[in-house]
2 protein chains.
Amino acid sequence: MAGDDNSVNLESGLAAPAPDAEGTVPRGGSYHHGDLRAAVIAAGMKRLAEGDGSDLGLRALARDVGVSATALYRHFPDKEALLDALADEGLRRLGALQAQAWLKAGGGKAGFLATGIAYVRFAHDEPAIFRLSFTRQMPERYRDGGADGGETAYHLLRAGVAQALPDLDDPEPASLHAWAVVHGLAMLILDHRVEWDETMVEKVVGLTFGVAE
Amino acid sequence: MAGDDNSVNLESGLAAPAPDAEGTVPRGGSYHHGDLRAAVIAAGMKRLAEGDGSDLGLRALARDVGVSATALYRHFPDKEALLDALADEGLRRLGALQAQAWLKAGGGKAGFLATGIAYVRFAHDEPAIFRLSFTRQMPERYRDGGADGGETAYHLLRAGVAQALPDLDDPEPASLHAWAVVHGLAMLILDHRVEWDETMVEKVVGLTFGVAE
DNA sequence: CCTGCCATGTTGCCACCGTAAACATAGCGA
DNA sequence: TCGCTATGTTTACGGTGGCAACATGGCAGG
C-alpha cells in the first residue's frame, strides 16, 4: 500500500523530456482509459503552461482527456485534490530545474546563485504553474502522508546557503532570507509589479549576503 | 472629471479608525441606497478580514449590503473590477501602516526595518486582503488612469532604502532586494510554508544589507 | 407645480461550474 | 463461468457570474 498511489510519475516527471506524441492514451495495458489521473495531470499541466490558469476546471480537463467530467472523481476526491496534485507536480519540476542549475554551475557560491536564478526564471517561464504550486498546499489538512515536491526545492536552497556561507552560526534565518528573496522576486514579477529582466534578477539575487562574485 | 470616481475614500481609508456603527447606510443624502460602491467595498473588506476570501461573490456581497446582486453592475463593470477596487483599498491600508511604522520608528535604519516588519505583519494579520491585493492588478488593462494604492508602499520602501544606505551607487537593485525579502517572506507565511514568528521576521528582515542594529 | 430624463436598483433568465447518485461496463479472480 | 470491483457515464441539483428588460425615484427645465 505504499507503491503506486502517491507519486504521479508521468513521463515528464523529473529528468526525461520524453517527446511523446499525446498525453491522452499513453500506455496500452491497464483499464478502460489507460492511465487516467496521469493523463488528467498532464492535461492540466499543459493548460497551465499555455493559459493563465483561469480556464482550469473539471469539465474542461475531462474534455481534454476525452472522458466524462465526473470520471475524475474516481481519482480525486474533489477539485482541490486535483489542483494539489498539479501543484505537487509543479514543485517537483521546480526542484529538478534547481538541481540542474546547481550541478551545471558546479556548486559553491556560483551554484547558490544559479539555483536562485533558476527559481525566479521558473516563475517567469511558467507563471500559472508557479502560482498554483505555492498558493495551494496549506497545512496537513490534505497531505496525510508522503513528502511533497516542495521539500526538494527547499533542501537545495538550504544546502546552497550552507555551501555559500560555511561559517555561519545559525543558518536558519539566512536560508529563510535567501528563500524570501527569490520567492518575493518571483511573485512580484508574476504579478507584474516588477518587469522580468535577467541581469536585474542576477543583480538582486546576488545582493543576498553579498554573494555576487 | 477628476474628483470623485477614482478614490474610494470610505471612512476607514487612511488615518481614521472611524468607529461607525454599520457600513450599510452611512450617509443620508444621495440616491436610492446611500452610497453603494463604498458600502460594497466595506462589506468586501469585512468578509476578507474575517474569512479566507473564498466566500467572496456578487450575490453574497449584495446580500450583505441588502441589495440585489445585479445592482453591483451599476458600479463595477464586472466582478474583476470589484476585486480590483478591494485590492486597491488593501494596498492603501498597507501603505498607511508602513508610513505609521516609519514615523513611529523615527526614520533611518530603524524606520527601514520597521516598515519591512509592518509589511510582513500586515500580510500575517490580513492574509486574504494581502493576497488579493497582490494577486490582482496586472497590467494597464484595467487601470486606465489614476495611481494605484500600491505606489505608496513602494515609494516608502524606496525612501527607506535611500535613508538606510545613503552611499549607494544604484539604489534600484537594493530597493528591489528589500521589497523582495519582505514580500517573499509574507507570501511564504501566507501559504504556510513558513510559520509566523515575530522575532524570526525581525532577524530575516534585519539580514537585508546587514541593517540589523 | 408638472413633466420627462436618467441614474439607480429589481426580476428573470442563461450558461457554466462542482459534485452527488444511480447506472453501465469491463477486466480479473474464484 | 460467474460475479466482484474498479472504472467511466448519465442525470440532476444548487450555486455562480452576467445579460436584458423592467421598475423607481430624485433632479432639471418648462
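Chain A is the first sequence line, chain B the second, and so forth, proteins listed ahead of strands; every chain is numbered from 1. Keep in mind that the numbers below use all heavy atoms, side chains included, and drop hydrogens, waters and symmetry copies.
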key: Interatomic distance, B:L82 CG vs D:dG18 P [rounded to whole Å]   = 10 Å
task = Look at the side chain of B:T70 against the base of C:dT11 and say whether a donor-acceptor pair falls under 3.5 Å; ignore hydrogens and angles.
result = yes
ask   = B:L61 has an atom CG; how far is it from atom C1' of C:dG9, in whole Å?
value = 16 Å
Check ion pair B:R93-B:E89 (N to O, under 4.0 angstrom) = yes
key: First encountered from the 5' end of DNA chain C, between B:S68 and A:A69   = B:S68
inquiry  = Counting distance alone, no hydrogens or angles: does the base of D:dG15 have a donor or acceptor under 3.5 Å from a partner atom on the side chain of B:R59?
reply    = no
request  = Only pairs at least two apart or in different chains count here, so list each salt bridge (charged side-chain N to carboxylate O under 4.0 Å, His left out) that has a residue in residues 174-186 of chain B.
outcome  = none
ask   = Taking OH from A:Y73 and P from C:dT19, how many angstroms apart are they, rounded to a whole number?
value = 3 Å
inquiry  = Using whole Å, what does the distance between atom C1' of nucleotide C:dT8 and atom CZ of B:F76 come to?
reply    = 14 Å
remark   = Whole-Å distance, A:L72 CG to D:dG8 P, equals 9 Å
query = Toward the 5' end of DNA chain D, which comes first, A:A71 or B:L56, by nearest nucleotide?
reply = A:A71
task = Could you tell me whether A:D88 and A:R136 make a salt bridge, using a distance below 4.0 angstrom between a side-chain N and a carboxylate O?
result = no
query = Which whole-number value in Å describes the distance from B:D35 CG to C:dA7 P?
reply = 17 Å
key: Between C1' of D:dT10 and CG of A:L58, the distance in whole Å   = 16 Å
request  = Run the ring-centre check on B:H124 versus B:Y119 and record whether the distance is less than 6.0 Å.
outcome  = no
inquiry  = Using the side chain to side chain donor-acceptor pair (under 3.5 Å) criterion, which residues pair with B:E198? Sequence neighbours excluded.
reply    = B:R121
request  = Let me know the distance between CG of B:D78 and C1' of D:dG18, rounded to the nearest Å.
outcome  = 9 Å
inquiry  = Taking only side-chain N and O atoms of A:H75, does any of them lie within less than 4.0 angstrom of OP1 or OP2 on D:dG8?
reply    = yes
ask   = Starting at the 5' end of DNA chain C, which residue's closest nucleotide do you reach first, A:R74 or A:G57?
value = A:G57
